[in-house]
Novice: 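Can you keep this structure in mind? I'll have questions shortly.
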Amino acid sequence: MRTRFAPNPDFLIHLGNARPSILSYEYAKMYKGKFILRFEDTDPKTKPPLPEAYSAIKEDLRWLGIRWDEEYIQSLRMEIYYSIARELIGVRGAYVDLCDKKEFLKYKIGMKPCPHRNTATEINLELWDKMVSNYFEEGDAVLRVKTDLSHPDPSLRDWVAFRIINTEVNPHPIVGSKYVVWPTYNYAAGVDDHLMSITHILRGKEHSVNTLKQKYLYDHLGWEYPEVINLGRLKLEGFILSKSKIKELMVRHPKVFKSADDIRFGTIASLRNRGILSETIRKVILEVGVKVSDATISWDNIAAINRKLLDLEVKRLMFVAHPVEVLVRHVPERLSSVTIPLHPTNKRLGGREVRVNIDNGNLTVLLDSRDVQTFKDVGVIRLMEFMNVKYVSEGDGKVLGEFISTDLSDAKKFRAPIIQWVPYGGYVKVLIVKPEGLKLIKVAGYGEAYMKTLMVGEVVQLVRYGFIKVVKSGGKIIKAIYIHD
RNA sequence: GCCGCGGUAGUAUAGCCCGGUCAAGUAUGCGGGCCUUUCGAGCCCGUGACCCGGGUUCAAAUCCCGGCCGCGGCACCA
């Protein structure tokens, strides 16, 4: 078993591409076969390859846990395509067509052969050599593969295998202006799948006609076509996956959407930046499986999988989004420092010391305005991992509470809600960016001082708030991306 | 318009090839409970689906036909 993933390096890959790539890789692995990565960069004109995309795609694949046994770049295989083209002409499977494009269309829809279809082989070879040696202009000549002219689908009839692209005008990022005759997707992919002994092709169902086209090529050459498995399209609820739509947004709003890995998009890099684990993506793709029908992946589902993976591994910290000062009276001085574990069960994560300032038994903490409301409603709350507090009064905009005890069992006795808190004076400002569709909602709040030690890229759980990924730290304000709740 | 392919709960998926064990399984969501120093996780209970209509058959989610809906393709793109 040999499978392959064959992206066009003209852009980043997205969640939709994760389906064929992960599934092809897993298939090969399952049957102890080989998996091949092949860059299909044979159109320097309408889909010019992006030099940085080759490595970016490889990085994304590696991140997804995909390892490949062989790697090819089609633009480096031009001589191979050329030599097979001569072979194809030799068996009268292809001919050089000098017709004008519109003129050919008439023959095509009329199911009639164009005048060049029966050109003698020697002349065809001569014409082909002229093509390759830059004799013709762009648009003057193509090499067509002979198919069934009466096929009900007109697009199949004598499709183009090679066309001329003026690479002085549109140089290729890898081979520059070295070649002017370029193979089309169907030719290059078809030839390579055979030459690379691909046994199973897993690709999007948009390629289903291409399979039919390529089979003509295989028939002419006496090759056997691999097994094909068509995969349905994937959507990600609330995200844009489409290459063209992302490009359009970036062109139209260059200041809003600076790069294709923006957390609002559905590229693999975007999801990685967003804080989604590669394991989550793999699970989702494997769950969707090999089916032709389309699937809309819900964000809830992604979040559920991701949350479970993150839950055990990530530190839990306190954060208050809409702070209200609460003064607690009669707090014992010995409580000016408490050590709180960073995770209730994962002891490897250790703990952190939280210092508070107790002045004459008075302690000021910040609570979320919603929690202050519960405080007033319920009468007793527990400041998580710290102490139980009784509500006293509210006046002049100040909320007053009274220390009861530190025992957790008391909190249970009082059925006190457990609330996260941040010490007044011992906090750090946190700015959280929450993507919602194409908008970014910004939430500013206060995190406990320990958050200053977080590194960029680190993911933590803010208790009762959600999982975040730190994108900027070190300064006065910590910036983070909201992953999910 | 013309070719081709699909349609199981809100979402995703299992079962369909080889009809009965499917009064349809699983995950997530939603409702409730237990547990828990989170409104998180875990555990338990509940909720909710075979697109419609015919046919074949003792028996159809599964096979056949028609309809409806959805998707893909119709490039000198990949």
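Below, read A as the first sequence line, B as the second, and so on, with proteins coming before strands; counting in each chain starts at 1.
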Novice: To the nearest Å, how far apart are F414(A) CZ and rU37(B) P?
Specialist: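 So the two atoms are 17 Å apart, to the nearest Å.
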
Novice: What string of B, S and - do you get for nucleotides 72-78 of chain B 5' to 3' if you count protein non-hydrogen atoms under 4.0 Å?
Specialist: SSS-BBB

Novice: How long is the line joining CG of L212(A) and C1' of rC3(B), in whole Å?
Specialist: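 Going from L212(A) (CG) to rC3(B) (C1'), I get 10 Å.
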
Novice: How does RNA chain B look in dot-bracket notation if pairs are Watson-Crick or G-U with both distances under 3.5 Å, crossing ones as [ ], other-strand ones as |?
Specialist: (((((((..((((......[....))))((((((.......))))))...(((((..]....))))))))))))....

Novice: Treating primed atoms plus P, OP1 and OP2 as sugar-phosphate and everything else as base, which nucleotides of nucleotides 38-51 of chain B get B, S or - for protein heavy atoms under 4.0 Å?
Specialist: BBBSS---------

Novice: For rG6(B) and rC63(B), measure between their P atoms and round to the nearest Å.
Specialist: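 Roughly 11 Å separates the two P atoms.
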
Novice: Quick one: D300(A) CG to rC30(B) P, roughly how many Å, whole number?
Specialist: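 One finds 7 Å between P of rC30(B) and CG of D300(A), rounded.
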
Novice: Quick one: label K412(A) by what it contacts on the DNA or RNA (base, sugar-phosphate, nothing), any heavy atom closer than 4.0 Å.
Specialist: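 Sugar-phosphate, backbone atoms only, no base.
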
Novice: Would R4(A) and D193(A) pass as an ion pair if we require N to O under 4.0 Å?
Specialist: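 Answer for the salt bridge query: yes.
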
Novice: Specify the separation, in whole Å, of atom CH2 of W421(A) and atom P of rU37(B).
Specialist: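 Interatomic distance, CH2 of W421(A) to P of rU37(B): 18 Å.
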
Novice: Run the ring-centre check on W159(A) versus Y216(A) and record whether the distance is less than 6.0 Å.
Specialist: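 When the ring centroids of W159(A) and Y216(A) are compared, they turn out to be at least 6.0 Å apart.
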
Novice: Is the distance between the ring centroids of F162(A) and W182(A) under 6.0 Å?
Specialist: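 Judged by ring-centre distance (under 6.0 Å), W182(A) and F162(A) do not meet the cut-off.
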
Novice: Please give, in whole Å, the distance from rG29(B) P to H484(A) NE2?
Specialist: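 Atom NE2 in H484(A) sits about 11 Å away from atom P in rG29(B).
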
Novice: Taking the six-membered ring for Trp and the single ring otherwise, decide whether the centroids of Y107(A) and H116(A) are under 6.0 Å apart.
Specialist: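 Here the rings of H116(A) and Y107(A) have centres that are no less than 6.0 Å from each other.
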
Novice: Rounding to an integer number of angstrom, what distance separates rG29(B) and rG40(B) when you compare their C1' atoms?
Specialist: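 It comes out at 16 Å once rounded to the nearest Å.
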
